[in-house]
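All values derive from a computational prediction rather than experimental measurement.
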Amino acid sequence: MDDQTQRPTGFVEALAKGIAILEAFDAMHSEMTLSEVARRVAISPAAARRGLITLIELGYVGQRGTRFYLKPKVMALGSCFYFATRIDEIILPDLRALVETFGDASSVGTLNDRNVIYVAHYSQQRARRASAVVGASYPAFATSIGRVLLAGMSDAELASWLAALDPVPLTARTITDKTELYTEIMRVREQGFATTVDQLDYGITAIAVPIINEAGKTVAALNSSGYSGMLSPQELVAERLTELRAVAKSIAQQINRFPTLRAVLGD
């Protein structure tokens with residue numbers, strides 16, 4: 001919350017801090033003390049205390065001694081988006097069909113600042129690994145979906161995005177050199193798809209293609225992923241690329257037909 005960017009008239013700082021507090025909880029911070037929340041959100045302990053008291057009263061946060069945690073009511077916020085955009089009707093059938101054809105898992109994601117956020121996901125996998133469940137958010141530079149979305153940026157947008165990036169290695173294979181990452185994104189732009197192996201987590205090999213709106217803008221990306229020990233990027237390209245592109249085109253057409261989803265992904 002230390003961003004000094006000029007806020008628009010009517011911006012409610014207290015609301016922004018409350019949302020930031022909710023976003024501060026994750027797999028590594030499932031429970032936090034007041035001081036930990038304040039540090040994570042970059043606000044004063046007094047502001048963190050007021051925010052937590054409000055969220056507790058509203059039923060979104062619980063307290064156990066000196067530690068705070070999210071309550072199930074938070075899930076209702078995500079389900080509102082899910083049902084309002086009718087993702088279960090519009091996108092999920094295509095993902096199910098892909099998984100029935102190839103097995104493994106399939107997702108649709110869009111860019112959210114530095115991260116990819118997954119708006120739809122279907123899987124038959126049971127292995128322990130980074131999960132692309134709906135609402136999950138991961139560093140865009142390390143995912144096949146993220147690299148497709150970055151490749152869809154203009155040169156100026158990409159240069160600005162990379163300049164602000166501070167890539168952290170997630171595995172020993174994660175590309176963190178910005179020059180190498182730029183080269184990879186240019187390759188993705190040229191070939192029209194991205195493949196990754198063990199970039200986000202060990203055991204994940206994936207291929208992704210763009211979902212392009214009527215204006216020719218990449219608004220989301222579709223991927224198919226599996227276990228690295230059982231398939232290679234070359235196999236993904238040979239076996240799945242054609243079908244992935246067809247499904248991405250179908251999803252783009254569906255997005256254009258539904259106003260709410262188009263407003264979310266089509267702009």
Side-chain angles (χ1 to χ4, degrees), residues 1-5 7 10-85 87 105 107 109-123 125-143 145-146 164-172 174 176 198-204 264:
M1 294 298 299
D2 54 356
D3 185 2
Q4 298 302 310
T5 302
R7 301 297 194 185
F11 184 88
V12 181
E13 192 71 33
L15 176 59
K17 289 177 180 178
I19 293 172
I21 288 172
L22 293 178
E23 292 178 337
F25 292 89
D26 59 23
M28 299 298 294
H29 305 86
S30 59
E31 291 190 6
M32 290 186 284
T33 63
L34 174 62
S35 60
E36 287 171 337
V37 171
R39 276 198 304 273
R40 287 272 293 164
V41 184
I43 58 178
S44 69
R49 180 177 178 276
R50 291 193 296 270
L52 287 165
I53 288 172
T54 302
L55 291 168
I56 289 171
E57 179 65 21
L58 293 174
Y60 293 108
V61 169
Q63 182 176 4
R64 183 183 301 110
T66 61
R67 305 190 71 78
F68 300 89
Y69 57 91
L70 295 182
K71 296 187 72 174
K73 188 177 180 181
V74 172
M75 298 175 66
L77 299 176
S79 66
C80 290
F81 167 83
Y82 189 77
F83 292 118
T85 55
I87 283 174
S107 307
T110 190
L111 201 60
N112 180 33
D113 193 19
R114 300 286 135 200
N115 294 335
V116 163
I117 188 165
Y118 291 83
V119 300
H121 176 74
Y122 190 76
S123 174
Q125 295 173 335
R126 298 292 181 266
R128 182 183 180 278
R129 44 171 263 187
S131 177
V133 296
V134 173
S137 182
Y138 294 110
F141 77 92
T143 68
I145 286 178
L165 179 67
D166 183 18
V168 174
L170 305 170
T171 74
T174 305
T176 56
D198 298 346
Q199 291 289 298
L200 176 66
D201 194 5
Y202 292 109
I204 303 176
V264 172

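- Between T54 atom OG1 and L52 atom CG the span is 8.5 Å, to the nearest 0.5 Å.
- How far CZ of R114 is from OG of S137: 12.5 Å, rounded to the nearest 0.5 Å.
- Remark: K73 is positioned above the aromatic ring of Y60, its terminal NZ or CZ atom under 6.0 angstrom from the ring centre and at most 45 degrees off the axis.
- Considering every non-hydrogen atom in both A172 and Y202, the closest pair reads N-OH, 2.8 Å.
- Using modelled atom types and a 3.5 Å distance limit, the side chains of T33 and S35 yield a donor-acceptor pair.
- Considering only heavy atoms from C-beta on, V37 stays 4.5 Å or farther from R40 through its side chain.
- Closest approach of V116 and G109 over heavy atoms only: CG1-CA, 4.2 Å.
- With contacts defined as side-chain heavy-atom distances shorter than 4.5 Å, the pair I145/T110 does not qualify.
- Using modelled atom types, one side-chain atom of D26 and one backbone atom of H29 make a donor-acceptor pair closer than 3.5 Å.
- When all heavy atoms of A120 and I87 are compared, the pair lying nearest together is CB-CG2, 3.7 Å.
- Between the CD atom of Q199 and the OG1 atom of T174 there is a distance of 5.0 Å, given to the nearest 0.5 Å.
- What you find for S30 and F25 is that their closest heavy atoms are O-CD2, 3.7 Å.
- Between V61 and K71 there is no side-chain heavy-atom pair separated by less than 4.5 Å.
- V74 is listed as a side-chain neighbour of L22, based on a closest heavy-atom distance under 4.5 Å.
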What do the steps show when you test Y118 against T143 for side-chain contact (heavy atoms from CB on, under 4.5 Å), and what is the final call? CA-CA 11 Å; Y118 291 83; T143 68; 4.1 Å; yes
Give the C-alpha distance, both sets of side-chain angles, the deciding distance and a yes or no for side-chain contact (heavy atoms from CB on, under 4.5 Å) between Q63 and I56. CA-CA 8 Å; Q63 182 176 4; I56 289 171; 3.8 Å; yes
Does the pair L170 and Y138 meet the rule for a side-chain contact (heavy atoms from CB on, under 4.5 Å), with working shown? CA-CA 10 Å; L170 305 170; Y138 294 110; over 6 Å; no
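- Across every non-hydrogen atom of A140 and L111, the tightest pair is CB-CD1, 3.6 Å.
- Atoms CG and CD1, from L55 and I21 in turn, are 5.5 Å apart once rounded to the nearest 0.5 Å.
- Rounding to the nearest 0.5 angstrom, the gap separating the CG atom in L70 from the CD atom in E31 is 10.0 Å.
- Taking a cutoff of 4.0 Å between a charged side-chain nitrogen and a carboxylate oxygen, R67 and E36 qualify as a salt bridge.
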For M32 and F68, run side-chain contact (heavy atoms from CB on, under 4.5 Å): C-alpha distance rounded to whole Å, both residues' side-chain angles, the deciding distance at 0.1 Å, then the answer. CA-CA 5 Å; M32 290 186 284; F68 300 89; 5.7 Å; no
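- The closest side-chain heavy-atom distance from L200 to T171 is not below 4.5 Å.
- Counting only distance, with no hydrogens or angles, the side chain of D198 and the backbone of G203 share a donor-acceptor pair below 3.5 Å.
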